[in-house]
Amino acid sequence: MLIQRGEIVSAEKNQILLSLQEQYENKLGLTSDVGWLLIGELLSTSVVLWLLFQYIRRYNRKLILRPNGWLFVLVFFPMAVLMYRWGVYDAHLNPYLFPIFIFPIIIRAFFDVRLAIIVHILILFVSAGLVPNPYEFIFMQVLAGMIVLFSLKGLRKRSQFFITTILIFGSYSLVYFSVAIYSVGQITEIDLEPFGYFAGNAILSLIAYPLIYLFEKLFGYLSELTLVEMTDMSNRLLRELAEKAPGTFQHSMQVGNLAESAIREIGGNPLLVRVGAYYHDIGKLKNPAFFIENQNQGINPHDDLSYDESARIIVDHVRDGIKMARKNNLPEVIIDFIRTHHGTTRVEYFY
């Protein structure tokens, strides 16, 4: 508080107010050539985006190869910076109250932790000019961000939402305490007000979880939360598979176990592979009795068909599975498991 309502403006107070006005106008760019300011901002932002492009090109090419991959980056990154600018500069939120962690948490939900950290750091570089002490801001945000992101091994349970808030508050508090004790030299001199901002930041960061769902639907990515939901045996397709084709259901469960063990050895996403295995044979629901794992009464309907008809029914379970998956709005990446799980080879038995 510089001056109270109704207080007489002394010469000293007037000088403080004039100084404030000068700094405020400098911040807004009112005392500078707006064109050059804009060019400077564009250049610095271009360098940041170029660095992000180089990282993705070298270490995360899958993001480039997906049609909506670059669209995700080009929408997400400017949105993160603009939201932070609005929160800190226009809405006058404390820099440590604004939940900047929502952005790396969303990235972590769809990609690896390295990309989340890179995006987090680059967002901080662009946003640091909006805060009074950029060095301290970047130092605290980078260290706290790395602690949080390295601790988030996956986002599969609702309890992790609350664990995340504790991690955010604890990380901020630990880093702030270390910086403050180094600066003032005595515990009694540490300002306790920032701890309230850290707590508010941690709670507001829960906004990330509904945003994960929104980005998932907009860009077609799959979060671990959605994959966990798809493994629920009360899911309509899996329940129908268990009732109408129990042999196929058991086969799919065993394939899931084998595939997950294999993918853990060679590297990949075990949860995604397990879900793909669960749904890969849903096309057999159309003619379950024509597949040997469901023939438990010694009757084989292929005995009454020609070889060509039998082969067509076997092959058609892939096409039927794709149709069922699309009818039930399964993600395209899961449909790929259905589409490719038999390759392009012949049905050798009937051939």
Residues which pass ring pair (Phe, Tyr, Trp, His ring centres under 6.0 Å) with [X], listed by chain and number, not counting sequence neighbours:
X      : value
Tyr84  : Phe98, Phe137
Phe110 : Tyr221
Phe215 : Phe72, Phe76, Phe219

Quick one: pull up [atom1] in [X] and [atom2] in [Y] and give me the separation to the nearest 0.5 Å.
X      : Y      : atom1 : atom2 : result
Asn60  : Leu52  : CG    : CG    : 10.0 Å
Leu51  : Phe125 : CG    : CZ    : 9.0 Å
Asp232 : Tyr278 : CG    : OH    : 11.0 Å
Lys13  : Ile8   : NZ    : CD1   : 12.0 Å
Leu82  : Met79  : CG    : CE    : 9.5 Å
Phe177 : Ile190 : CZ    : CD1   : 4.5 Å

Looking at [Y], is its backbone amide N or carbonyl O close enough to the side chain of [X] to form a donor-acceptor pair, meaning the two atoms are under 3.5 Å apart?
X      : Y      : value
Asn294 : Gly247 : yes
Asn328 : Met324 : yes
Tyr279 : Met230 : yes
Ser171 : Ile168 : no
Glu22  : Ser19  : no

Which atom names give the shortest non-hydrogen contact between [X] and [Y], and what distance separates them?
X      : Y      : result
Ala116 : Pro104 : CB-O, 3.6 Å
Ala311 : Val347 : O-CG2, 4.1 Å
Ile212 : Ser223 : CG2-CB, 3.9 Å
Ile282 : Gly321 : CD1-O, 3.7 Å
Gln295 : Pro301 : NE2-CD, 3.9 Å
Ile334 : Gly276 : CD1-N, 4.3 Å

Residue pair [X] / [Y], side-chain heavy-atom distance below 4.5 Å:
X      : Y      : value
Phe169 : Asn201 : no
Val48  : Phe77  : yes
Tyr135 : Met140 : no
His302 : Tyr307 : no
Arg319 : Lys286 : no
Lys327 : Lys323 : no
Glu293 : Pro246 : no
Leu124 : Ile100 : yes

| Leu241 and Ser252: side-chain contact (heavy atoms from CB on, under 4.5 Å), yes or no, with the steps? | CA-CA 10 Å; Leu241 191 67; Ser252 299; 4.2 Å; yes
| task | Mind checking salt bridge (Lys or Arg N to Asp or Glu O under 4.0 Å) for Arg326 and listing every partner two or more places apart, or none if nothing turns up? | result | Glu332
| task | Could you list the residues that satisfy salt bridge (Lys or Arg N to Asp or Glu O under 4.0 Å) with Arg57, not counting sequence neighbours? | result | none
More than 12 heavy atoms from other groups under 6.0 Å of [atom1] on [X]:
X      : atom1 : value
Glu265 : CD    : no
Glu12  : CD    : no
Ile292 : CD1   : no
Ile187 : CD1   : no

| query | Are Phe195 and Tyr176 close enough that their ring centers fall under 6.0 Å? | reply | yes
| said: Are His120 and Phe101, when compared by the centres of their aromatic rings, separated by less than 6.0 Å? | reply: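 Ring-ring flag for His120/Phe101: true, centres closer than 6.0 Å.
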For [X] and [Y], does a side-chain donor sit closer than 3.5 Å to a side-chain acceptor?
X      : Y      : result
Ser310 : Tyr349 : no
His317 : Asp281 : yes
Tyr172 : Gln141 : yes
Ser306 : Glu309 : yes
Asn257 : Arg274 : yes

| query | Using 30° and 60° as the class limits, which term best fits the ring planes of Phe198 and Tyr96: parallel, tilted or perpendicular? | reply | perpendicular
| said: Run Ile207 and Leu211 through side-chain contact (heavy atoms from CB on, under 4.5 Å) and show every step you take. | reply: CA-CA 7 Å; Ile207 298 171; Leu211 287 177; 3.9 Å; yes
| query | Ile263 and Asn269: side-chain contact (heavy atoms from CB on, under 4.5 Å), yes or no, with the steps? | reply | CA-CA 7 Å; Ile263 203 69; Asn269 187 336; over 6 Å; no
| task | Could you point out which residue of Ile299, Leu305, Asn300 forms a side chain to side chain contact (heavy atoms under 4.5 Å, CB included) with Asp303? | result | Asn300
| task | Please step through side-chain contact (heavy atoms from CB on, under 4.5 Å) for the pair Lys284 and Thr248, ending with a clear verdict. | result | CA-CA 8 Å; Lys284 292 181 179 180; Thr248 300; 3.6 Å; yes
| request: Using the test side chain to side chain contact (heavy atoms under 4.5 Å, CB included), find all partners of Leu143 that sit at least two apart in sequence or belong to another chain. | output: Phe139, Val175
